[in-house]
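See below for the structure under consideration.
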2 protein chains.
Amino acid sequence: MGTVGKAISLLELFSVDEPELGLSDLARRSGFDKATTRRLLVALTSHGFVEQDAGTRHYRLGAGLSRLARIREARFPFLQTAVPLVRDLAASTAETVHLSEFGVDRLVTVHVEHPARANRVNVDIGQLLPLHSTASGIAYLAFARDETVKACLAGSLDAFTAHTLIEPAAISRSMGEARERGYSICDQGYEEGVISVAAAIRAADGFALGTIAVAAPKARTTAAAIAERGLAVMEAAREISMRLNGENLQTLRRQA
Amino acid sequence: MGTVGKAISLLELFSVDEPELGLSDLARRSGFDKATTRRLLVALTSHGFVEQDAGTRHYRLGAGLSRLARIREARFPFLQTAVPLVRDLAASTAETVHLSEFGVDRLVTVHVEHPARANRVNVDIGQLLPLHSTASGIAYLAFARDETVKACLAGSLDAFTAHTLIEPAAISRSMGEARERGYSICDQGYEEGVISVAAAIRAADGFALGTIAVAAPKARTTAAAIAERGLAVMEAAREISMRLNGENLQTLRRQA
DNA sequence: AATAATGGTTCAAATAATGAACCAACCACC
DNA sequence: GGTGGTTGGTTCATTATTTGAACCATTATT
């Protein structure tokens with residue numbers, strides 16, 4: 001791995017659960033030498049990607065990242081556009097709704113709304129979702145570029161639960177169903193006891209760029225609820241896509 | 001400059017005005033060799049910090065940045081907290097209101113509300129503000145750590161207009177006034193014909209972490225309007241600080 | 001058809017990154 | 001008030017990575 005990759009992988013150690021980490025901790029988790037880790041942190045700090053707490057000397061993500069993210073968001077107002085619809089959907093379903101955007105080879109969770117009840121599915125902002133074993137992933141793949149689908153199915157596919165589909169043929173079938181139906185269903189493919197539905201948010205060219213999903217404890221979820229949520233999530237995704245692309249969303253090339 | 005610094009300085013070439021850049025362009029502007037530039041871009045792309053348009057082959061900021069920025073925001077909800085108050089202030093003043101956060105040695109503009117009129121001060125998201133020559137900068141310095149103030153005054157201070165204060169003593173005086181008054185005033189210190197007021201948003205320890213400012217064309221701004229806006233911006237900053245720190249904002253050590 | 005852009009690649013030479021060993025300071029625990 | 005185990009931080013000879021001139025393939029422009 002090159003030096004910039006190492007620097008970035010340091011940044012990736014921070015999470016919602018652990019937003020502040022010390023030098024030794026970072027060195028341990030990254031596997032880099034303490035001196036290396038520190039040199040990288042200094043470089044990142046000097047550009048505002050990392051900040052150091054004056055008191056504890058621990059490190060945290062810096063304002064430079066917010067800046068760049070805002071510049072990106074100004075050009076491509078994904079969050080701004082989608083968040084209100086995520087809220088609406090969360091209110092009407094009373095279950096966890098999460099929004100994700102594609103990045104490299106996974107989906108990046110960029111927004112979450114949790115219902116005000118104790119028994120719920122918990123998703124963290126920044127959480128990374130695999131493509132083959134989540135409702136969001138299948139919804140994304142259903143409208144992704146062939147190269148992306150191929151790259152996904154070619155890699156080694158982890159089985160997170162006993163229900164995870166890992167045969168390319170089974171995943172392809174699942175994608176096909178999602179494409180026809182307009183939304184995907186994933187029954188405990190990523191975590192035991194969780195059932196989700198998701199739909200793809202699409203760019204002007206018709207290809208998926210992210211997803212919106214509703215996740216709920218399977219124990220209290222009926223088949224009728226799934227169908228209802230599926231329609232709702234599909235409608236929300238359609239509306240977000242429309243708003244993003246100014247009404248002129250092309251019909252997708254790749255139809256079922 | 002180390003390799004990670006170079007990689008980051010590539011990212012910094014993107015802006016709201018130019019959110020997409022080609023390889024040659026990036027190489028030219030950064031001053032790096034084309035091969036180097038590309039290697040850096042590949043590294044950044046493979047971690048989702050940069051995306052490449054499939055059609056134009058141009059590069060843009062990637063979803064990985066949004067992810068990290070959201071993780072940061074989850075821990076420290078500066079934007080979430082402040083934006084509503086920025087909106088209120090923009091509505092009541094009918095002038096440009098911008099919010100900034102300290103980073104490295106400057107203020108980073110993280111949110112802007114523009115009034116719906118043609119003649120207005122324009123501020124872009126991501127814009128970097130110098131500390132010594134803007135209302136925000138002076139407001140920040142007035143409640144910054146001594147080290148920060150010292151580092152600022154020690155550096156070479158650019159004169160952006162004929163009105164820019166560049167003598168450390170004059171800047172210190174300006175800071176003192178801002179501290180007493182509760183808000184800063186900057187009369188064309190950064191751009192000719194623009195007058196701004198700003199107040200510091202403070203962390204739990206009493207030190208500034210950002211600012212909120214109102215900027216207007218000087219031609220239509222009376223002394224009374226300045227005073228009125230000063231109070232409003234001060235109140236907004238106080239409210240944001242309160243909400244961020246859960247009511248227990250410590251009185252600042254360094255008083256006038 | 002020639003010209004000058006563009007994005008992208010190669011490999012010996014130059015440079016920057018590495019890490020074991022080293023401080024100093026802090027904390028917990030007899 | 002030692003003692004051992006932390007922590008953050010630094011040094012410098014060794015080592016591995018980055019560098020860039022020259023290269024190719026495409027795609028406009030003239």
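Quick note on labels: first sequence line is chain A, next is B, and so on, each numbered from 1.
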### Query
So, does Ser9(A) use its side chain to make a donor-acceptor pair with the main chain of Lys6(A) at under 3.5 Å?
yes

### Query
How far apart are the C-alpha atoms of Tyr140(A) and Phe102(A), what are their side-chain angles, what is the distance that settles it, and do they pass the ring-ring contact (aromatic ring centres under 6.0 Å, His included) test?
CA-CA 8 Å; Tyr140(A) 181 84; Phe102(A) 182 73; 4.6 Å; yes

### Pair Arg75(A) + Asp17(B), salt bridge at N-O below 4.0 Å
no

### Message
If I take atom CZ in residue Arg57(B) and atom C1' in nucleotide dA25(D), what distance separates them, rounded to the nearest angstrom?
### Response
12 Å

### Query
Separation of Asp33(A) atom CG from dA16(D) atom C1', in whole Å?
15 Å

### Message
Looking at dT19(D), I'd like to know if its phosphate oxygens (OP1 or OP2) sit under 4.0 Å from a side-chain N or O belonging to Lys6(B).
### Response
yes

### Message
Nearest whole Å is fine: how far is dT19(D) P from Leu41(B) CG?
### Response
12 Å

#### Entry: Any-strand Watson-Crick or G-U partner of dT15(C), both distances under 3.5 Å
dA16(D)

### Message
By nearest atom, which of the nucleotides dG19(C), dG9(D), dG7(C) is closest to the Ser24(B) side chain?
### Response
dG7(C)

#### Entry: For atom NE2 of His58(B) and atom P of dA5(C), their distance in whole Å
15 Å

### Message
Under a 4.0 Å threshold between the charged nitrogen and the carboxylate oxygen, would Asp124(B) count as salt-bridged to Arg70(A)?
### Response
no

### Task
Report yes if some heavy atom in the side chain of Ile201(A) is under 4.5 Å from a heavy atom in the side chain of Thr211(A); otherwise report no.
no

### Task
Report the distance from atom CZ of Arg38(B) to atom C1' of dT6(C), rounded to the nearest whole Å.
13 Å

### Message
Whole angstroms only, please: what is the CG-C1' distance between Leu26(B) and dG7(C)?
### Response
12 Å

### Query
According to a strict under-4.0 Å criterion, is Thr3(A) in side-chain N/O contact with OP1 or OP2 of dT18(D)?
yes

### Nucleotide dG8(C), atom P - distance to OH of Tyr59(B) in whole Å
4 Å

### Query
Taking CG from Leu44(B) and C1' from dT18(D), how many angstroms apart are they, rounded to a whole number?
15 Å

### Task
Using heavy atoms to find the nearest nucleotide of DNA chain D for Ala35(A) and Gly22(A) separately, return the residue whose nucleotide is more 5′.
Gly22(A)

### Query
OP1 or OP2 of dT18(D) less than 4.0 angstrom from a side-chain nitrogen or oxygen of Thr36(B), does that happen here?
no

### Query
Which of the following nucleotides, dT7(D), dG20(D), dG8(C), is nearest to the side chain of Arg28(A)?
dT7(D)

